[in-house]
Amino acid sequence: MIFLDALDVSMVGVALPAIQHDLGLSTSSLQWVVSGYVLGYGGLLLLGGRTADLLGRRRVFLVALGVFAVASLLGGIVDDGGLLIAARFVKGVAAAFTAPAALSIITTTFPEGPERNKALSIFTACGASGYSLGLVLSGLLTEIGWRWTLLMPVPVALLALLVAPKVLRGRDERAEGGHDLIGAVLITASMLLLVFTVVQAPEAGWASLQTIGSLVGVAVLLGLFILAELRMRHPLVRLGILRSAHIVRANLGLLILMGSYVAFQFVAMQYFQNLLGWSALGTALAFLPAGLLVAVTSTKMGDFADRFGTGKLIVIGSAALAGGYAIFLGIDRTPSLGGMVIPGMILMGIAFALSFPSLNIQATNGVDDDEQGLASGLLNTSGQVGGAIVLAVVTAVLTSGGGGETLSIGALRSAIVVSLVLALVGLAIAATGLRARKAATVTEADENVQVYETV
């Protein structure tokens, strides 16, 4: 599923300028082609993860994958911006159930340790391969017609539907407990409202009554959700899972990684195609080094995690991510491939190769099998909500700093600064994880010395 999801994301990203031109969308409206998907994905991930635990991961995966295929087909044949956004929303809803189900199938199949780390590194390699293949295909297909980029995931999804029942054999384990319908309604409503609010804020105004009122509504819904979960016998989200510092850091890390990169990709597509006039294929090839680097190295990340620890890999990855964004602050009307584009993309590829599998490992370690869907849902929610929030902020920067719909180098640089600042925040958070681990190691050593002296 991560292959399919990455394939779809990269293909749609390259096709955005063509979609904008053909359907007559403004820059603020264009973001909804991305945000419509994120709205359904981020709003329902927690429900999707818990549903996979309760109803069976294989069953939920197969049903949602079928819906994903149908929504992909509809998105490729509609001829209206609103209908396209609606199809993308339904597709995101389907992904909200397939993604945590797929990840939890892996984490419950392989025991915690080297085997699971290796499986998760292969999981990452599949995503990177899908992203890289999507870039090449989208560049070629967009030259023919952008609709083909939306239709391409359909045969891939159908093939997965045929193969999955034969591969995913064995008993479809289900977690014990009832359905927390109240919690599901409250958390889904709060996530949908949050994502909708941040996506709509650039158009409505960040200080408008609509935006402020919606954010207050989000806070109220989240408060009611917390109260409900504390009283439920079988809560949708066991809040105690958030007491694990490494799980919180992993979720914050993925929020920043995905949020900053989704926003950067949107900005870069506008820069390469709308400002510089590059072709879709040329733009796709500019992004290709990052995807290829992740695809080639990801299978080794499990061994690296076993040897060096996920904390160190995330710190290095965060530093590489910040470096990649910093290089792109040098954008102008005559960009250097060797001095800016390729080095920047390589650093971002290093960042994803090191950070993405490490964050997945951190987020699922120490979690019981009956809550792996929940842990996966939390992690994916962080990534999708981060993408929606940062994309909304960057879109506001582009439309306000560029004089409406006219892009400028200054506006593009300001938008990239948003991603750079977030990457630096992510680096600081990752560094706290290293300090916490070092402190724990020192404490453990002192305790061992005390025991030895007592003996």
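Both backbone and side-chain heavy atoms feed into the values below; hydrogens, waters and symmetry mates do not. Being a predicted model, the structure only gives us computed values, none of them experimental.
Rounded to the nearest 0.5 Å, atoms CG (Leu257) and OG (Ser318) are 7.5 Å apart. If you take CG on Asp303 and NZ on Lys118, they are separated by 7.5 Å, rounding to the nearest 0.5 Å. Separating the CG atom in Asn360 from the CD1 atom in Ile106 is a distance of 8.5 Å, to the nearest 0.5 Å. Between the NZ atom of Lys91 and the CG atom of Leu150 there is a distance of 6.5 Å, given to the nearest 0.5 Å. In this structure, CD1 on Ile409 lies 11.0 Å from OG on Ser414, to the nearest 0.5 angstrom. If you take CD1 on Ile429 and CG on Leu424, they are separated by 11.5 Å, rounding to the nearest 0.5 Å.
Judged by distance alone, the side chain of Arg413 and the main-chain N or O of Ile331 form a donor-acceptor pair under 3.5 Å. With Asn251 contributing its side chain and Leu379 its backbone, the two residues share a donor-acceptor pair below 3.5 Å. Side-chain atoms of Gln20 come within 3.5 Å of backbone N or O of Leu25 as a donor-acceptor pair. Side chain of Ser244 to backbone of Ile247: no donor-acceptor contact under 3.5 angstrom is found. Looking only at distances, a side-chain donor or acceptor of His246 sits under 3.5 Å from a matching main-chain atom of Asn365. Looking at Glu143, its side chain does come within 3.5 Å of a backbone N or O of Ala280 through a donor-acceptor pair. Side chain of Arg57 to main chain of Ala101: no donor-acceptor pair is present (N/O by atom type, distance under 3.5 Å, no hydrogens or angles). Panel note: side chain Thr211, backbone Ser208; no donor-acceptor pair is recorded below 3.5 Å. In this structure, the side chain of Tyr261 does not engage the main chain of Ser419 through any donor-acceptor pair within 3.5 Å.
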* To do: Start with the C-alpha gap between Gln265 and Phe287, add the side-chain angles, then the distance that decides, and say whether side chain to side chain contact (heavy atoms under 4.5 Å, CB included) holds.
  => CA-CA 9 Å; Gln265 184 184 47; Phe287 277 85; 4.1 Å; yes

* To do: Might you work through the side chain to side chain contact (heavy atoms under 4.5 Å, CB included) test for Thr334 and Leu276, ending with a clear yes or no?
  => CA-CA 8 Å; Thr334 56; Leu276 300 182; over 6 Å; no

* To do: Evaluate the criterion side chain to side chain contact (heavy atoms under 4.5 Å, CB included) for residue pair Val67 and Val93; output intermediate values, then yes/no.
  => CA-CA 9 Å; Val67 176; Val93 171; over 6 Å; no

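The closest side-chain donor-acceptor pair between Ser355 and Ser358, if any, does not fall under 3.5 angstrom.
Checked against the 6.0 Å centroid threshold, Tyr325 and Phe264 count as a close aromatic pair. Aromatic pair Phe68/Phe97: ring centres not closer than 6.0 Å.
Two residues are said to be in side-chain contact when any heavy atoms from C-beta on lie closer than 4.5 Å; Ile314 and Leu354 fail this criterion. Proximity of Leu84 to Ile19: side-chain heavy atoms (C-beta onward) are separated by under 4.5 Å at one or more points.
Here the shortest heavy-atom pairing between Thr432 and Arg249 reads OG1-CD, 3.8 Å.
Counting heavy atoms of neighbouring residues, nucleotides and ligands inside a 6.0 Å radius, atom CZ of Phe304 does not exceed 12 of them.
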